[in-house]
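Here is the structure we will look at.
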Number of protein chains: 2
Amino acid sequence: MALEHAILVSLDERSGSGYELAQRFEKSIGFFWAATHQQIYRTLKRMVELGWVSRHEVAQDGRPDKKVYEVADAGRAELARWLASPSEPETLRHDLSVKIRGASLGDAAALTGEIARHRDLHAERLDVYLAIEKKDFPDPSALSGRRLHQYLVLRGGVRAERALVEWCDEVLAAMREDDRR
Amino acid sequence: MALEHAILVSLDERSGSGYELAQRFEKSIGFFWAATHQQIYRTLKRMVELGWVSRHEVAQDGRPDKKVYEVADAGRAELARWLASPSEPETLRHDLSVKIRGASLGDAAALTGEIARHRDLHAERLDVYLAIEKKDFPDPSALSGRRLHQYLVLRGGVRAERALVEWCDEVLAAMREDDRR
DNA sequence: TGTCACTATGCAACTAGTTGCACTGCACCC
DNA sequence: GGGTGCAGTGCAACTAGTTGCATAGTGACA
């Protein structure tokens with residue numbers, strides 16, 4: 001239900017086309033809300049029908065024309081309504097944990113390899129986040145408003161990825177130790 | 001796709017009825033894989049058709065009869081296959097982060113209240129996990145095999161919830177500070 | 001002139017999860 | 001005998017997300 005709202009937040013930061021939104025969902029806002037371009041186009045269509053966003057065609061030269069979306073008053077109202085409403089924490093579904101819990105029923109070596117792969121993947125993401133933090137937010141104490149909020153969300157990513165890396169390391173160490181015995 | 005596999009792991013630990021499984025998905029295995037009883041019954045039906053589990057009726061006295069499910073050979077094979085196959089990290093969708101990023105577009109006080117609520121919720125979960133850790137795994141270094149794997153998954157929960165609590169605290173502090181200015 | 005790569009938009013079919021409801025069995029208590 | 005509450009099983013409709021495909025415009029380069 002929140003894809004609409006994520007799009008509203010992103011469009012409010014800066015109006016853009018479906019294509020541009022899809023790109024943002026590959027990074028920045030995509031770090032905490034996943035969406036494919038198919039989903040985005042479909043949702044934008046619905047949002048126009050609801051009157052949450054307005055659309056106008058923009059001719060470009062050197063590249064195909066595009067349709068730019070902008071948040072409408074009804075969209076801003078909906079966003080305010082949603083922001084004030086309570087939301088439940090995401091229901092968790094963590095593949096890797098299921099696999100670890102079932103580890104004794106399969107190939108242990110393959111699984112530790114898989115855990116190591118996840119570890120590296122999370123470490124990579126962590127590096128990306130830390131690089132953004134360093135580059136875009138060198139002086140956090142000076143931040144306020146919108147910029148502060150962006151920074152705080154990024155901090156959530158940093159903390160989450162760091163926790164995951166550390167957990168993978170703990171799991172790997174314990175499973176290898178168990179293996180040796 | 002992994003609900004089948006989570007059920008296989010759980011049934012392998014101990015055979016049980018749909019109802020019993022649904023209860024396990026309220027705790028233990030449910031801490032990292034969410035599922036409702038409707039989903040579980042539907043999936044069990046499919047798994048019987050696939051030959052992954054077998055089912056037999058068990059008469060009870062003092063309570064209604066039940067249908068107990070047990071992992072079949074084909075189920076064990078499927079589990080081994082799945083354990084050896086790579087899996088992508090879950091796509092993230094974090095409501096609260098979207099809300100924080102859009103904070104300037106709504107009622108700031110309501111949002112900080114919401115963040116505080118989430119903070120408490122995560123703190124509560126953390127306490128639950130820590131209590132289980134203390135009670136069921138008093139001596140982690142002595143663990144091995146299945147028990148070790150259960151412990152390691154629990155550790156993931158502890159780390160995740162702790163990271164969330166700390167992040168909420170960071171967000172609350174920063175937003176309140178920003179408010180005062 | 002062809003093809004590659006990127007910009008740009010979209011439909012359709014499928015899969016997985018959510019929500020609301022419905023029903024039976026049985027113990028316990030008033 | 002009637003209500004409450006837990007045990008136990010399930011269907012149906014809906015919503016959200018995934019996957020595979022289709023198509024067009026434009027610049028760069030061989």
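Chain letters run A, B, ... following the sequence lines, proteins first and then strands; every chain starts at 1.
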>> Check the orientation of Tyr41(B) and His37(B). Use parallel for under 30°, tilted for 30 to 60°, and perpendicular for over 60°.
In response: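 Because their plane-to-plane angle is over 60°, the rings of Tyr41(B) and His37(B) count as perpendicular.
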
>> Which nucleotide wins on minimum distance to the side chain of Arg93(B), given the candidates dT18(C), dT18(D), dT7(C)?
In response: dT18(D)

> Counting side-chain heavy atoms from CB outward, which of dT18(C), dT9(C), dG10(D) is closest to Arg55(B)?
Replying inline: dG10(D)

So, is [X] near the phosphate of [N], with a side-chain N or O under 4.0 Å from OP1 or OP2?
{"X": "Lys67(B)", "N": "dG10(D)", "value": "yes"}
{"X": "Gln60(B)", "N": "dG8(D)", "value": "yes"}
{"X": "Lys45(A)", "N": "dT9(C)", "value": "no"}
{"X": "Arg63(A)", "N": "dA5(C)", "value": "no"}
{"X": "Ser17(B)", "N": "dA7(D)", "value": "no"}
{"X": "Arg42(B)", "N": "dG17(C)", "value": "no"}
{"X": "Gln39(B)", "N": "dT18(C)", "value": "yes"}

Please report the distance, rounded to the nearest Å, between [atom1] in [X] and [atom2] in [N].
{"X": "Tyr19(B)", "N": "dA7(D)", "atom1": "OH", "atom2": "C1'", "answer": "5 Å"}
{"X": "Lys66(A)", "N": "dG10(C)", "atom1": "NZ", "atom2": "P", "answer": "14 Å"}
{"X": "Tyr41(B)", "N": "dC23(C)", "atom1": "OH", "atom2": "P", "answer": "17 Å"}
{"X": "Glu90(A)", "N": "dG17(D)", "atom1": "CD", "atom2": "P", "answer": "10 Å"}
{"X": "Glu57(B)", "N": "dG8(D)", "atom1": "CD", "atom2": "P", "answer": "13 Å"}
{"X": "Asp65(A)", "N": "dT23(D)", "atom1": "CG", "atom2": "C1'", "answer": "15 Å"}
{"X": "Leu21(B)", "N": "dA7(D)", "atom1": "CG", "atom2": "P", "answer": "15 Å"}
{"X": "Ile40(A)", "N": "dG17(D)", "atom1": "CD1", "atom2": "P", "answer": "11 Å"}

>> Between the base of dG20(C) and the side chain of Gln38(B), is there a donor and acceptor pair under 3.5 angstrom?
In response: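 Present.
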
> Above 12 or not: heavy atoms from other molecules or residues under 6.0 Å from CD of Glu124(A)?
Replying inline: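 Counting neighbours around CD of Glu124(A), 12 or fewer heavy atoms of other residues, nucleotides or ligands fall under 6.0 Å, so no.
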
> Does a sphere of radius 6.0 Å around CG in Asp139(B) hold more than 12 heavy atoms from other residues, nucleotides or ligands, not counting ones at 6.0 Å or beyond?
Replying inline: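 Result for CG/Asp139(B): enclosed.
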
>> Would you compute the distance between atom CG of Leu105(B) and atom CG of Leu83(A) and round it to the nearest 0.5 angstrom?
In response: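 Interatomic distance, Leu105(B) CG to Leu83(A) CG, rounded to 0.5 Å: 7.0 Å.
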
>> Please find the pair of heavy atoms, one from Leu111(A) and one from Lys99(A), that lie closest to each other, and give the distance.
In response: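 In this case the closest contact between Leu111(A) and Lys99(A) is CD2-O, 3.6 Å.
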
> Ion pair present between Asp73(A) and Arg76(A), side-chain N to carboxylate O less than 4.0 angstrom?
Replying inline: yes

>> Can you work out whether Leu3(A) or His37(B) has the more 5'-proximal nearest nucleotide on DNA chain D?
In response: His37(B)

> Hey, which of these two, Gly62(A) or Thr91(B), hits DNA chain D nearer its 5' end, going by closest nucleotide?
Replying inline: Thr91(B)

> So what does Asp61(B) touch, heavy atoms closer than 4.0 Å: a base, only the sugar-phosphate, or nothing?
Replying inline: nothing

> Hey, which of these two, Glu4(B) or Glu20(A), hits DNA chain C nearer its 5' end, going by closest nucleotide?
Replying inline: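 Closer to the 5' end of DNA chain C: Glu20(A).
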
